[in-house]
Trainee: 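Sending over a structure as structure tokens; questions will come in a sec.
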Amino acid sequence: MLVAWSRFVRAVDPDLLTGYNIVNFDLPYLLNRAEKLRAAAFPFLGRMVGGRTKMRSVQMSSSAFGRHESKSFTLDGRVMMDMLQVMKRDYHLRSYSLNSVSAQFIGEQKEDVHYSIITQLQEGDMYTRRRLAVYCLKDAILPQRLMDKLLSLTNYMEMARVTGMPLGWLMSRGHMIKVVSLLHRKAAATQLYIPDVPRSSAQDGGGAADGPQYDGATVITPKKGFYKDPIATLDFASLYPSIMMANNLCYSTLVQPKDASLLRPEDYLVTPSGDRFVRPSLKKGILSVILEELLAARKAAKRELAAATDPFLRAVLDGRQVALKVSANAVYGFTGAAVGKLPCMEISASTTAFGREMIELTRAEVEKLYPGASVIYGDTDSVMIKFGEGMSLSDAMERGREAAERITALFPKPVKLEFEKCYFPYLLISKKRYAGQLWTRTDAADKMDTKGVESVRRDNCRLVANVIDSVLKILLEERDLSAAVAYVKHVIGELLQNRLDISLLVVSKQLTKAEGKYESNTAHSVLAEKMRKRDPGTAPSLGDRVPYVITRGVKAQPAYDRAEDPLYALEHNVAIDNGYYLENMLRKPLERIFEAMLPPASVAALFSGEHTRSIFVPTPTARSGGMMRFTKVALSCLGCKSAIQSGALCKYCAPREAEIYQRLLGRSVELEKAFASLWTECQRCMGSVCQEVLCSNVDCPIFYRRIKTQKDLDDASKKLERFAIDW
DNA sequence: ATACGCCCCTAG
DNA sequence: TTAGCTAGGGGCGTAT
């Protein structure tokens, strides 16, 4: 079978191979099996006749992929486009499971089959094998649908064209190589050659580089609080590229200190970091030329995009303009990469130093030009301005536009300060943490914008993320403080009474260090170790996100010892430490928000009082009557999580029905009552965003739907049909 | 009890 | 062998 498949690949002769995690699972698995079975004719999958497909393990640490182990293959003439790598690189998600990603982007779910029952399915009957076959086919077709829907190939091809790189390198290498490619292309055309800088001279004198190599951007000390007046935001457009262009910062224009005396003072510029670069009149830097061309090309692409009507052409042009912008922004980081192909700290340090001067000047100018105005915050390339008490939104926007124009005039071209938006109202919690209603027009708010707080961080459980998001929405959109307080008390009550689904309490953190490399104990690293001892095959590996819940444990046991695999906790009925979730995860984030709008005593009242009285719901012994009020429609079996087409349990779990329901009822008997209350929540995870009964959080292990009428039942069936496969 | 550093993730 | 950058908040383990 393996040899036939290999022959099939050569016969089809594809340019590109895709799949989900094929680089680190499928292909290594096939190669290893072939070796074990001595299928000598198998490992010839490339286009080079007689070229053997070899596998190599590499340890990667890059911002594009995160830290992880990876494999590379000799596969001449074909490109491996692993959609898992594409998703990890291009999308910032909480979960990268094919199931979750497909549901989110193409509204389809995988036919999930838990690994533990694959053998049973294979050895069962024609129906169980059919299920296995459906699972395999879906696994193959979903990545391709994903690639089509997200236009990944189009976008990567545009990036390859913009940078002059081979397509395959975009998949397997980082951002730096793009800049190297751009430099080679431009330098060769201008008779310049790029030195091959040995590693040792890249880090001169000071020893190993650990920690920052030069000073970065300014973050203006925030004037924290809740602002009921509109806050105007001014941003420099492409700040770092425009600084590099405006000041001719380049490898080819850098003047070494010892050479400064050879030049007339007017021939060079001394930057705020004390470095010297010759003026463009003497020599124009190739970085400036590259950046100008990239940004000019982007303008052209955007102009064409505006005129284009054909959807495919539009997609291509949009991909191109994004690629051009990304490439321009990568140049600064490349110059500052101490362990890189061509580091030049004079360029990066000068760039950030100019940036610091510019944001300071902007702040000073705003406060000088507009008496009574105050810059309440700013970060790197932006300032947030309160123009005055009681100002209208349209006046704030008008002043913002005017200020941007006046201040732009103070800087050399092509630096441009732009008015983009107002926040109204605005909650400023601390540096890099804020939320506000964002307005770009006066007739309607665009959306709620949230930065840095718990709801946008992937290392918080859904409960915390959902509660913080909902509270901010109630406060900023509805502006209803008492509703926010009521909502918080309600959720705390639900938590303490064990009424929340376990999926809400799952925390996940990335495993960034190999076994034994962690210097202190953390929940996710200790748990990963524990799971390796249980089953090395399914334990998280380097670079994976490790999901866990905090369980009760014994007194004074540290949290890292009480972290448990959520599925394990569910299956072994391990008690969750609700109090820990309240005190260590919910409390402080909520306090930080409410402190800005309530007196201390009222903030404290959120966490004490009637609703915090813990009620221990005893595990019901024979309360199946409670369950009868629900018609359960599960996409995955409530017992073993494998995919099913109807009902609640798969045929393997059905005989254990009573036992499984009893386990689930211990947590969920009060669901109906709980969710009938004031807030529109998803029945699975309480996400306040959803209008429907079920939200799109497909990683919830248990799915419920409340059914009251025949129509509800029909709707539910229709919904399920979407996930069925039509043969 | 407190200071400090490891760790994760985000802003820009 | 390979990897864009710095600033910063905040949780928690560990040493004092």
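This structure is a prediction, so every number in the text was calculated from the model and none was measured. Computed from heavy atoms alone, side chains included, the values below leave out hydrogens, waters and symmetry copies. Just so it is clear: chains get the letters A, B, ... in the order the sequence lines come, proteins before strands, and each one is counted from 1.
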Trainee: Tell me, which pairs form a salt bridge (Lys or Arg N to Asp or Glu O under 4.0 Å) where one or both residues lie in residues 374-385 of chain A, sequence neighbours left out?
Mentor: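 Salt bridge (Lys or Arg N to Asp or Glu O under 4.0 Å) check on residues 374-385 of chain A returns A/Asp379-A/Lys432.
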
Trainee: So, A/Tyr96 versus A/Tyr91, ring centres under 6.0 angstrom or not?
Mentor: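 Between A/Tyr91 and A/Tyr96, which both carry aromatic rings, the centre distance is not below 6.0 Å.
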
Trainee: Going by modelled atom types, is there a donor-acceptor pair between the base of B/dC9 and the side chain of A/Arg457 at under 3.5 Å?
Mentor: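 Pair found.
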
Trainee: Indicate every side-chain donor-acceptor pair of residues 326-343 of chain A with a distance under 3.5 Å to a residue at least two apart or in another chain.
Mentor:
unit_1	atom_1	unit_2	atom_2	d
A/Ser327	OG	A/Ala323	O	2.7
A/Tyr332	OH	A/Tyr214	OH	2.8
A/Thr335	OG1	A/Tyr332	O	2.7

Trainee: Verify the contact: side-chain N or O of A/His175 to OP1 or OP2 of C/dC5, cut-off strictly under 4.0 Å; return yes or no.
Mentor: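 For C/dC5, OP1/OP2 do not have a side-chain N/O of A/His175 under 4.0 Å.
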
Trainee: For nucleotides 13-16 of chain C, which of its nitrogen or oxygen atoms have a protein nitrogen or oxygen under 3.5 Å away, and what is each distance?
Mentor:
unit_1	atom_1	unit_2	atom_2	d
C/dT14	OP1	A/Asn521	ND2	3.0

Trainee: Among residues two or more places apart or on two chains, list those pairs meeting salt bridge (Lys or Arg N to Asp or Glu O under 4.0 Å) that have a residue in residues 417-427 of chain A.
Mentor: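 Matches after skipping sequence neighbours: A/Lys416-A/Glu418.
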
Trainee: Would you mind classifying the nucleic acid contact of A/Ala337 as base, sugar-phosphate or nothing, using non-hydrogen atoms under 4.0 angstrom?
Mentor: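 Sugar-phosphate contact only - A/Ala337 comes under 4.0 Å of backbone atoms but never of a base.
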
Trainee: Within the structure shown, what part of the strands sits under 4.0 Å from A/Arg56 by heavy-atom distance: base, sugar-phosphate, or nothing?
Mentor: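 Counting heavy atoms under 4.0 Å across all strands, no contact is made by A/Arg56.
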
Trainee: Could you tell me whether A/Ser348 contacts a base, only the sugar-phosphate backbone, or nothing, with contacts defined as non-hydrogen atoms closer than 4.0 Å?
Mentor: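 No contact.
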
Trainee: Would you mind classifying the nucleic acid contact of A/Val179 as base, sugar-phosphate or nothing, using non-hydrogen atoms under 4.0 angstrom?
Mentor: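 Nothing: the residue A/Val179, judged by heavy atoms under 4.0 Å, touches no strand.
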
Trainee: Considering only atom C1', compute the distance from C/dG4 to B/dG12 and round it to an integer number of Å.
Mentor: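 Here C/dG4 and B/dG12 have their C1' atoms 14 Å from each other.
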
Trainee: Below 4.0 angstrom from OP1 or OP2 of B/dG12, is there any side-chain N or O of A/Tyr434?
Mentor: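 Yes.
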
Trainee: By the 4.0 Å heavy-atom rule, please label A/Arg592 as base, sugar-phosphate, or nothing.
Mentor: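 Here A/Arg592 touches the backbone only, sparing every base.
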
Trainee: Please list, chain by chain and in numerical order, all residues satisfying side-chain contact (heavy atoms from CB on, under 4.5 Å) with A/Ser430, sequence neighbours excluded.
Mentor: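 If we apply the side-chain contact (heavy atoms from CB on, under 4.5 Å) test to A/Ser430, skipping adjacent residues, the hits are A/Lys224, A/Arg433.
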
Trainee: Please enumerate all residues that pass side-chain contact (heavy atoms from CB on, under 4.5 Å) together with A/Pro166, with sequence neighbours excluded.
Mentor: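 A/Pro166 satisfies side-chain contact (heavy atoms from CB on, under 4.5 Å) with A/Trp169 only.
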
Trainee: Are A/Lys432 and B/dC9 close enough that a side-chain N or O sits under 4.0 Å from OP1 or OP2?
Mentor: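 No, A/Lys432 has no side-chain N/O under 4.0 Å of OP1/OP2 on B/dC9.
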
